Amino acid sequence: MSSDPNSKVKLALFGIGRMGQVRLRALANTPRLQLVAATDTKPGSDELAKEILPPGAKFFNDPEDCFLKSGAQAVLISTATATHAPLILRALELGLHVMCEKPIAVGLDITRQVVDFARTKPELKFLVPFNRRFDDSYRSAKALVESGALGEIHAVETAVLDQQDPTGFFVTFSEQSGGIFLDMGVHDIDIGRAFLEPTKGIKNSKKQVNKVFAVGQQAVYPALKKYGDADNGWGLVEFANGKILTIHVGRTLKNGFEGPTRIYGTNGYAIVGGNANSDRVEVRDSFGVRTSTTPDAFALWNLALQNDLNEFALAILDNKELPLKPEDALEAGKIGTALQHSFRTGLPVFFDDEGEPIFPVPDNTTINGHVIL
């Protein structure tokens, strides 16, 4: 496509729910993308679209109509997880560039099918935008690592911790999300892979992971037990190159959102997001010293949510490489799925020489209240 600085990619947005509306706000600051259409099948979406879509953007109740009649060159998929894979496949089939929120799918077989099909369309851009990869602070840390200042990176500790949700929406959503390690932890897994470079120093590039192990609890939301899920989970990943990733995923904070990462090298370590302050203001009064906290992940990574859109547009317009490949989403999905299985069974999950998780099935098929199939 044209490298004319005034040219734009015509984009259709699939899904105008919570994440879709976050993306709409970011699109307002993305000059190289032109939103020409949106679609959502939920009842009442047509009325919502009238309120939130910019002038000139058409709304379609039927996704297929949006594909065929919107005139879009690319799609941004922000729909429910179960719809991601079929929408990605249809878009690629029609010759459209695709950006899709994580994960590609809950099941690994479907994820592989999508990644395999994407390989047959090398002329199309396909991005699953793990937001920390597009965050300026994480990019500064990556440059520090690449400079050698920290020495050899041997371990990463990372966390994503949400504020408690009084509605408990995610409890029922757990049934279709794949569980906390896939739904939330996939972000931690991806940034851990980015810093630990799991293919570095190994002979068999397929086998990136030796084993994983996870534990968790239902500290605040006991209803998660029937879905085999947790409101706090801890995971340990041993990569085949000997490097270690530990993650903590949680949904029970009272103060707001936190997402710190520690990157350990042989010459020192770096911390990204070490405090949760929303600004640099401190109030000092009779109650002591206090600061305000970042309310949610969207506030913390608001610029990252613009950066990924801008880079997606430039990749299309100027045929540039994207910082992430579909295979990164697949590898993170394998680890997240393995961690969730480990939590549910209480057993470690090993990976074979083809890089596939070997899911153990215990004799007692009901573990943590979840039936293991």
Side-chain angles (χ1 to χ4, degrees), residues 1-2 7-17 19-24 26-27 30 32-41 57-58 60 62-131 133-134 186-187 190 304-333:
M1 297 184 72
S2 172
S7 61
K8 298 182 178 184
V9 177
K10 294 180 180 179
L11 180 78
L13 174 63
F14 283 63
I16 57 172
M19 193 63 208
Q21 291 178 44
V22 169
R23 286 300 187 179
L24 274 174
L27 281 166
T30 310
R32 306 300 298 278
L33 290 172
Q34 177 188 357
L35 184 67
V36 297
T39 182
D40 200 308
T41 60
K58 298 178 182 179
F60 296 89
D62 185 350
E64 185 67 10
D65 284 344
C66 189
F67 276 129
L68 298 177
K69 300 176 182 179
S70 65
Q73 300 161 299
V75 298
L76 170 56
I77 299 170
S78 299
T79 53
T81 299
T83 68
H84 287 184
L87 290 173
I88 295 168
L89 291 170
R90 182 61 173 148
L92 294 173
E93 182 182 69
L94 292 170
L96 301 175
H97 303 282
V98 178
M99 179 169 164
C100 181
E101 308 296 350
K102 60 78 189 167
I104 293 174
V106 171
L108 291 180
D109 288 342
I110 297 174
T111 302
R112 290 188 197 95
Q113 178 187 348
V114 172
V115 172
D116 287 344
F117 187 68
R119 291 192 187 108
T120 71
K121 303 285 184 178
E123 73 280 8
L124 298 176
K125 303 299 181 183
F126 174 30
L127 173 64
V128 180
F130 294 109
N131 50 33
R133 296 256 198 158
F134 296 89
V186 72
H187 285 291
D190 177 73
L305 294 168
Q306 295 174 28
N307 289 342
D308 57 13
L309 287 167
N310 279 311
E311 292 180 32
F312 179 60
L314 291 176
I316 296 169
L317 292 166
D318 300 336
N319 196 29
K320 291 185 176 181
E321 288 291 320
L322 288 163
L324 281 153
K325 298 181 184 299
E327 288 79 5
D328 290 306
L330 173 58
E331 293 301 327

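All values reported here derive from a predicted model rather than from experimental measurement.
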Carboxylate-amine/guanidinium contact E64 R90, below 4.0 Å: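 R90 and E64: salt-bridged.
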Is there a side-chain contact between [X] and [Y], using heavy atoms and a 4.5 Å cut-off?
X	Y	result
T41	P63	yes
L322	F126	no
R133	D328	yes
L94	L68	yes
E311	D308	no
F60	D40	no
F14	L76	no
L324	D190	yes

Atom pair [atom1] ([X]) and [atom2] ([Y]), whose distance is rounded to the nearest 0.5 Å:
X	Y	atom1	atom2	value
L314	L309	CG	CG	11.0 Å
E101	L127	CD	CG	9.0 Å
L89	H84	CG	NE2	12.5 Å
T30	L35	OG1	CG	10.5 Å
R23	I77	CZ	CD1	12.0 Å
D318	S7	CG	OG	7.5 Å

Indicate the atoms forming the closest heavy-atom contact of [X] with [Y], along with that distance.
X	Y	result
I110	A85	CG2-CB, 3.4 Å
A82	P86	O-CD, 3.8 Å
A72	L96	O-CD2, 3.2 Å
A332	V186	CB-CG2, 3.7 Å
I104	P326	CD1-O, 4.4 Å

Under the side chain to side chain contact (heavy atoms under 4.5 Å, CB included) criterion, do C100 and L87 qualify, and how do the steps go? CA-CA 9 Å; C100 181; L87 290 173; over 6 Å; no
Can you tell me if [X] uses its side chain to pair, donor with acceptor, with the backbone of [Y] under 3.5 Å?
X	Y	answer
Q306	A26	no
R32	N310	no
K58	K69	no
T83	T79	no
Q21	I16	yes
H187	F130	no
H97	L124	no
N307	F134	yes

Qualifying residue, where the test is side chain to side chain donor-acceptor pair (under 3.5 Å) with D116 and the options are R119, Q113, R112: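 Result: among R119, Q113, R112, R119 is the only option passing the side chain to side chain donor-acceptor pair (under 3.5 Å) with D116.
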Decide side chain to side chain contact (heavy atoms under 4.5 Å, CB included) for V9 and L317; before the verdict, give the C-alpha distance in whole Å, the side-chain angles of both, and the deciding distance to 0.1 Å. CA-CA 7 Å; V9 177; L317 292 166; 3.7 Å; yes
Going through the checks in order, is the side chain to side chain contact (heavy atoms under 4.5 Å, CB included) test met by T39 and D62? CA-CA 7 Å; T39 182; D62 185 350; 5.9 Å; no
Surrounding NZ of K325 (heavy atoms of other residues, nucleotides or ligands, distance under 6.0 Å), is the total greater than 12?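 Not more than 12 within 6.0 Å, no.
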